[in-house]
Amino acid sequence: MTAGDSWFVEWAPPKTAKVLLVCLPHAGSGAHQFRKWQELMGPEVAVLAVQLPGRENRWRQPPATDAEEVVGQLAPALSARLDLPYVVFGHSMGALLGYELARTLGSRHGQWPARFVASACRAPHRQGEDAGSAELSDGQLVAELIRRGVVPEYVARDDRLVRLVVRPLRGDLAICDTYVHTAGELLPCPLSAWRGRDDTGVTRQHIQEWGGYSAAGTTVRTFDGGHLYHLANSQEVTDGLRRLVTCMEEEK
């Protein structure tokens with residue numbers, strides 16, 4: 001495995017794929033949440049999940065704490081793999097990183113995505129506020145994120161799970177807390193902004209603000225569920241993604 005390969009996880013991508021779906025996970029989580037998406041997406045889509053350091057198969061590596069650092073390494077690694085049109089799906093923190101990844105691939109490598117999907121994430125200009133998470137103990141941090149619907153409740157009942165979640169989570173929260181948006185070229189591709197109906201931390205107004213980041217139009221959609229709706233409703237979410245890809249193919 002090369003250094004570039006360590007950023008990605010995939011599950012027998014179909015040779016018939018016409019589009020690459022690049023998926024970035026939410027804070028404290030890893031690539032394997034997207035494992036069943038490959039089967040659900042069907043034979044025309046290859047799912048490529050981004051694996052940040054400090055979790056799952058990259059557990060021994062220190063977690064990243066800076067968005068610019070992550071994108072600076074991730075963008076060239078992904079650029080070298082892009083032999084198909086690609087769509088970026090990012091959930092929560094993953095949407096923030098996915099937005100910067102798309103901008104970097106487009107502006108520096110001439111490889112703009114065909115579509116960007118921002119899921120359960122406030123627009124970039126609403127990011128970068130220190131939430132004070134660094135002062136919380138591990139137990140307090142997990143309890144607070146459970147309250148917000150960001151972490152499943154069962155985590156708090158297992159000390160081992162708390163340790164597994166908190167280590168990458170603190171790095172990921174630092175990424176969000178220190179993020180500074182720099183104005184630049186709008187994404188030239190269509191943008192979709194999605195959320196869960198019961199997600200009080202990311203409202204419909206929040207995702208509507210993504211409309212200012214695409215020159216090709218933005219659509220908004222609400223799914224049943226909370227902040228982690230994409231895990232509870234994976235069939236509905238992948239159906240929606242597949243329809244976006246199908247429309248993209250028909251527009252060629």
Side-chain angles (χ1 to χ4, degrees), residues 1-26 29-52 56-58 70-119 121 187-194 213-214 216-219 221 230-231 234-252:
M1 176 180 289
T2 67
D5 290 337
S6 68
W7 284 99
F8 308 108
V9 180
E10 56 189 344
W11 301 273
K15 295 181 180 179
T16 52
K18 298 179 181 178
V19 176
L20 182 68
L21 176 63
V22 181
C23 300
L24 294 93
H26 57 282
S29 67
H32 281 79
Q33 66 184 277
F34 300 111
R35 180 169 186 168
K36 66 178 180 179
W37 282 26
Q38 180 60 79
E39 181 179 355
L40 293 172
M41 287 301 298
E44 294 191 347
V45 180
V47 174
L48 185 68
V50 171
Q51 188 73 291
L52 299 179
E56 295 179 355
N57 61 310
R58 301 186 69 183
V70 170
V71 174
Q73 297 180 51
L74 178 57
L78 180 56
S79 176
R81 297 183 59 121
L82 290 179
D83 56 358
L84 292 170
Y86 74 103
V87 172
V88 175
F89 173 92
H91 187 83
S92 196
M93 177 199 71
L96 189 62
L97 291 177
Y99 166 71
E100 291 296 342
L101 176 64
R103 289 213 300 174
T104 300
L105 283 169
S107 62
R108 298 183 186 177
H109 300 271
Q111 297 168 303
W112 293 102
R115 181 177 288 270
F116 174 60
V117 183
S119 172
C121 184
L187 296 179
C189 64
L191 190 156
S192 298
W194 294 356
Y213 291 84
S214 170
T218 300
T219 58
R221 180 172 178 181
H230 70 303
L231 300 181
S234 55
Q235 181 70 66
E236 185 179 4
V237 171
T238 52
D239 283 349
L241 287 169
R242 191 168 54 252
R243 282 194 290 272
L244 290 180
V245 171
T246 300
C247 291
M248 189 177 75
E249 287 294 307
E250 291 175 348
E251 290 170 358
K252 286 185 177 181

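Remember, it's a predicted structure, so these values are computed and weren't measured experimentally. Computed over heavy atoms, backbone and side chain alike; hydrogens, waters and symmetry mates excluded.
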Which salt bridge (Lys or Arg N to Asp or Glu O under 4.0 Å) pairs, counting each pair once, include a residue from residues 94-105, with sequence neighbours left out? Glu100-Arg103
Compare all side-chain heavy atoms of [X] with those of [Y] and state whether any distance is below 4.5 angstrom.
X      : Y      : answer
Trp7   : Val70  : yes
Thr218 : Tyr213 : no
Leu52  : Leu97  : yes
Glu44  : Val19  : no

What residues form a side chain to side chain donor-acceptor pair (under 3.5 Å) with Thr238, not counting sequence neighbours? none
List the residues meeting side chain to side chain donor-acceptor pair (under 3.5 Å) with Gln38, not counting sequence neighbours, and say none if there are none. none
As a quick check of understanding, evaluate side chain to side chain contact (heavy atoms under 4.5 Å, CB included) for Tyr86 and Leu105, giving each step before the final call. CA-CA 11 Å; Tyr86 74 103; Leu105 283 169; 3.4 Å; yes
Parallel, tilted or perpendicular, as decided by the 30° and 60° cut-offs, for the rings of His91 and His230: parallel
Using the salt bridge (Lys or Arg N to Asp or Glu O under 4.0 Å) criterion, which residues pair with Arg221? Sequence neighbours excluded. Glu236
With sequence neighbours excluded, residues passing salt bridge (Lys or Arg N to Asp or Glu O under 4.0 Å) with Glu10: Arg81
With sequence neighbours excluded, tell me which residues meet ring-ring contact (aromatic ring centres under 6.0 Å, His included) with His32. Trp11
Once ring-ring contact (aromatic ring centres under 6.0 Å, His included) is applied, do any residues pair with Phe34, and if so which ones, sequence neighbours excluded? Trp37
Phe116/Val22 under side chain to side chain contact (heavy atoms under 4.5 Å, CB included): CA gap, chis, key distance, verdict: CA-CA 10 Å; Phe116 174 60; Val22 181; over 6 Å; no
In chain order, what residues pass the side chain to side chain contact (heavy atoms under 4.5 Å, CB included) check against Ala80, with sequence neighbours excluded? none
Ser192: which residues meet the side chain to side chain contact (heavy atoms under 4.5 Å, CB included) condition with it, sequence neighbours left out? Arg115, Val117, Trp194, Thr219, Leu244
Quick check: does any side chain N or O of Gln33 sit under 3.5 Å from a backbone N or O of Leu231, one acting as donor and the other as acceptor? no
Starting from the C-alpha separation in whole Å, work towards a yes-or-no answer on side chain to side chain contact (heavy atoms under 4.5 Å, CB included) for Val245 and Leu21. CA-CA 9 Å; Val245 171; Leu21 176 63; 5.8 Å; no
